[in-house]
Each structure stands twice: as structure tokens, then as C-alpha cells.
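Working notes, beginning with the structure itself.
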Amino acid sequence: MYGDVIMGGFGGQGIQVISQLVVEAAIRKGLEVTYLPSYGVEKRGGRTTVTVVLSDHEIGSPITNHPLCVIAMDVLALDKYQAMVAPGGSLIANTSLIPDEKIERGDISAITIRCNEEALSLGTAKVANMIALGAFLERSPILGFDDIERVMGDVFPERLHAKIPLNLKALIRGMEIAAAVPV
Amino acid sequence: MDRRLTKGNIALAEGAIQAHCRYYFGYPITPQNDIPEYLSRNLPKVGGVFIPAESEIASINMVMGAAASGKRAMTSSSGPGISLMQEALSYMAGSDIPCVVVNIMRSGPGLGGIAPTQGDYSQAVHGGGHGDYHSIVLAPASVQEMFDLTIKAFELADTYRNPAMIIADAMIGQFQEPCRLTPREPVVVPDKPWALTGCKGRAPQLLKSLYLADGEQEAHNLVMKQKYDIIRDREVMYETRHLEDAELMIVAFGTPARIAKTAIENLRARGIRAGLLRPISLFPFPVHQVHDFSIRIKKILVVEMNTGQMLRDVQISAHRDSRIFFYGRPGGGVPYPDDIEAQVVAALEEA
């Protein structure tokens, strides 16, 4: 069992949160995990990139140039990582901030979601990241809804615990949208 | 065993606390700032002392003073800061004073950059400071090893009364993995009858590296040589992967070793039998292990994030008939598994 994902966007889009959820859920399942956030100079540019590798075996490389999944939350992330997606892999693109015509690969499964609008329809644009994470879960053979639900209380600070039901709703919405896209 | 998602630098800092290090002196520099940040908050909680020094030179000399009093003491820095510490490191080696110095490397020369690199191998392993000495040098390749090898470094430093260094690249320092943050075995701090603790009721003691009498320095150097030979004999640490049937042996430490493991799995899926020897201790270097494997495995690929520093140790260690190839990515370049796979395939194709 092996999975990897690169998540990219700008600071404030909640990429750190959804990657933390994925990593904690995997650890809770007894899996090996590497979590490589963007660091150093990149940190200061307002960009956020995270590479997560999950496996039931020891993990070698914490970096990959052909991830099985990319979550692009804005157009800069799409420009940088679309070409890397492994053939047959998944691209989850936030088309609230990415023009549809930018999705060029025919050999991968592209899930385009207007994450910001979908989130707004649930009451707040803040859960756009959860819409994207839902799409990831729908495609992931390793993690499911229950795994994320189980760790939310640990990853979210106490003051946000009241918002967990709303975040779970956004997860489900993302899963529904992805389920309608052919693999 | 409870494992928590932990950043490499934090695992190292917690390892120091668990190793009963109670004195930290340092000056900030990226990419190791998580270490002093963590210790500034957590050392005082266990009765320890954290001092943000005015410079790296001050830091290492404060370490010398604390360590001379028999306490476990450390500092951490990166490239340029470590360069500034070399004089004091030499003094500590010459005075048989144990300490732990951490170098989360940045690319150089000069102020360089902060991306992952291994450009300080030669400085750490083959000198750095002046004089005829060695530091014990350990190279973690995982967050768990950042914790475990920090404890090991304090043990080795005390056992041999010698500076011990940990060198890691920024990837190991800043990525996160699940980590067990309790020591594998109970930590024991040995008695230090040599320590300078005030001579009331006993004869005065002296820790020094100045030997001017006829033949005195040579005798001291020869005693140090005996110590290094014992270290070479007893303290080599390394890991191997798939060497049993390998037609090529990759030798790599730190991040390139991690990436090589993935490359090796991918190659084996294609029927290409590559294996890995990962030195964990860089001094002592696994000289005999490289030699013994190289008798059967004729081709060796050294992978480093520099232009070829450990390469020389592999060349010295390997059997004279070995074919040694090198793949280096200096200045912050990090190889992908694909890159290493291509190098292995090319090396195997050469006659």
C-alpha cells in the first residue's frame, strides 16, 4: 500500500490543515508517513506546498516528481505540478482560482471543483480546503471519511471544535462531487 | 509504542533533553532555528540553562566551559556558524572535553543558501579545526534517528571524552515523520572524575591542550591516536539494503540514502539488482564494510548532495578493482528517485 500527494496553494487556504488531517489519520491507522512542508525561502513568499507520502512499509524518499495525486488550490500550484502527476493519477483543481482551459492532461483523472463557491454555499469560504480534501478521500484507496473524522478533534484547536460538523459537511460535499467524475 | 508526528529538528532537541543535556548555548541561523526555539522553551522546565550567545564563537566556548565542569552541553548551528566554532572544537578535542555539536547544513561556500545540502562532510569528518584530531560524526537519515543519534552522540562523547558532531541536511531537519520520543534504553550519565568542579578536598586538576615539554605533544597525539583506533574498531554504524544479490552498491548518507531506497525498490521492480550501504557513523567510517561488500559487488555508485566529499572515503575503502561512479547534487539540488535510477542504469551499462 503506497500513496503520495502534493498539495499546493497560497498561505491561508488551509493546506496545512488538510495535510495535517491526512497525516494524523494515517498515523492513527498505523501507517508510515512523511510530511514535507515547504520551508525556508519559499515560506516567505506566501506559497504553501506540502508533500505527503503514506505507506504500510518503510518510506524511502519523502519527495516525488510523479505524485499519484496533486491538489492544486490555485493557478500557480497547477502550473507547477500538473505536469508531474503520474499517468493514471488524479488532479484535484480548485477552478474557483484556475481557468478550466488550463487543465490540459488527458492521461490523468482531473477533478475540477469550484471549491470556494461550493464552500460558500455551505456558509463560509473557509471550508474550501475541506471540499478539496473530500475529493482526495473519494479517490484515496488508503484513507476514508471515518479516518479523517476520527482525528479532527485532535488537529483542530479547541476553539474551532464547534466548527467540526460544518467541516465534515464540506468533506462530504467534496466526496460527492468527485464521485461523479469518471476515474 | 506511541509515535507522534515530529519535525526532525524538534526530535533532535528533545533527544538532547532526554540525554540529560542541561546546557545549550547558541546563535540563530536557518535551517536549524527550531532547535534553539524548542530548547529555549523546554530546557528551563527541566532545570536546564539556555543562553542565546552573542556569537557562534561565544556559543562554543560556553559549551567548552560547561562541558569542562562535567555537564552535558551542546550547541547547534549551520555552515558559517560551524566554521566559526572550529578553533574551540580543536581545543576541546585536544583537551579531551566531550560535547555535542549539531550542524544542520546549508549550502556554501560563504553564506550560501538554506536548501538541503551535504557540503560540510569534509569539514566534519576530515578536520575543520587545526591539529591532528577527529570528531565523532553521526549522520541521521530519519526523524527517529535525529532523536536516537543525539542520545548516542552524548554517550559516545562521554565514553571517549571527545567532541561528537551530528551533521544533517535541511530535509532531515525540517520534514516530519512519526517518532518515538522516549529513549530505547535508559540514559546513564557516567561519572566524570576528570571534571573541573572546584578542588576543595582534592588535588587540583587541569584540562589543557598546550604541551610544550620535549616529546609531550607527540605522546599526547599518540594517546589520541589509540583512542581513535578504538573508536574505529568499536563504533562503526551503518545500514544495508538488498546487498545480498546486488550487482551495484549505492553508498549514500542522510537524505540521498532515503531517496536511494525508493530508487532501489523501483529498480528491483524492473529486475535491476541495486543495493544500498548507508554509513550512519561518518567517523568512524565503515571502511571494512565498504571493502568487504566491494569484493563481490564490483560497481559502486556514491550519491551525495555535494561535488564528491564522502566519495574519497569510499575510494580509499573499496577494493582496488572496484568501479566507482559518482552522482552529486551540490548547492541545494536534491535528486529525485528517477535521477538515481538513471545513474544506476548508466553505471551498469558501462563495461
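Remember, predicted model here, so these are calculated numbers, not experimental data. Per chain, numbering begins at 1; letters A, B, ... match sequence-line order. Scope of the values below: all heavy atoms of this structure, side chains included, with no hydrogens, waters or symmetry mates.
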Part of residues 94-103 of chain A lying next to chain B, heavy-atom separation under 4.5 Å: none
Close side-chain approach of A:Met1 and A:Ser55, heavy atoms under 4.5 Å: no
With a 4.5 angstrom heavy-atom cut-off, which part of B:Pro337 approaches chain A: side chain, backbone, both or neither? side chain
Chain B contact via A:Ile27 - which portion, at a heavy-atom distance below 4.5 Å: side chain
Show your reasoning for whether side-chain contact (heavy atoms from CB on, under 4.5 Å) applies to B:Gln32 and B:Val102. CA-CA 9 Å; B:Gln32 61 84 52; B:Val102 176; over 6 Å; no
Hey, which residues of residues 149-167 of chain A are touching chain B, say heavy atoms under 4.5 Å apart? none
Residues 240-250 of chain B vs chain A, non-hydrogen distance cutoff under 4.5 Å, contacting residues -> B:Arg241
Inspect the contact between B:Asp148 and B:Arg184 and indicate whether a charged nitrogen and a carboxylate oxygen are less than 4.0 angstrom apart. yes
Side-chain donor-acceptor pair present, B:Ser83, B:Gln123, cut-off under 3.5 Å: yes
Does the side chain of B:Pro335 come within less than 4.5 Å of B:Tyr327's, by heavy atoms? yes
May I ask you to decide whether B:Arg4 forms a salt bridge with B:Glu14, counting only side-chain N to carboxylate O separations under 4.0 Å? no
Electrostatic pair A:Arg28:A:Glu24 at N-O distance under 4.0 angstrom: no
Nearest atoms (heavy-atom pairs only) where A:Pro67 meets A:Met84: CD-O, 3.4 Å
Any Lys/Arg nitrogen of B:Glu341 or B:Arg270 sitting under 4.0 Å from an Asp/Glu carboxylate oxygen of the other? yes
Closest approach of A:Ser61 and B:Ile259, non-hydrogen atoms and distance? OG-CG1, 3.6 Å
Do the non-hydrogen side-chain atoms of B:Ile35 and B:Tyr24 ever get within less than 4.5 Å of each other? yes
Under the ring pair (Phe, Tyr, Trp, His ring centres under 6.0 Å) test, which residues partner B:Tyr121, sequence neighbours left out? B:Phe253
So OG of A:Ser121 and CG of A:Asn116: to nearest 0.5 Å the spacing works out to 11.0 Å
Proximal component of A:Thr51, with respect to chain B [non-hydrogen, under 4.5 Å]: neither
Which region of A:Val33, side chain (C-beta onward) or backbone (N, CA, C, O), has a non-hydrogen atom less than 4.5 Å from a non-hydrogen atom of chain B, or is it both or neither? both
Can B:Thr255 and B:Asp169 be said to form a side chain to side chain donor-acceptor pair (under 3.5 Å), step by step? CA-CA 7 Å; B:Thr255 286; B:Asp169 57 76; 2.7 Å; yes
Heavy-atom closest pair (A:His66 atom, A:Ala86 atom, distance to 0.1 Å) is O-CB, 3.5 Å
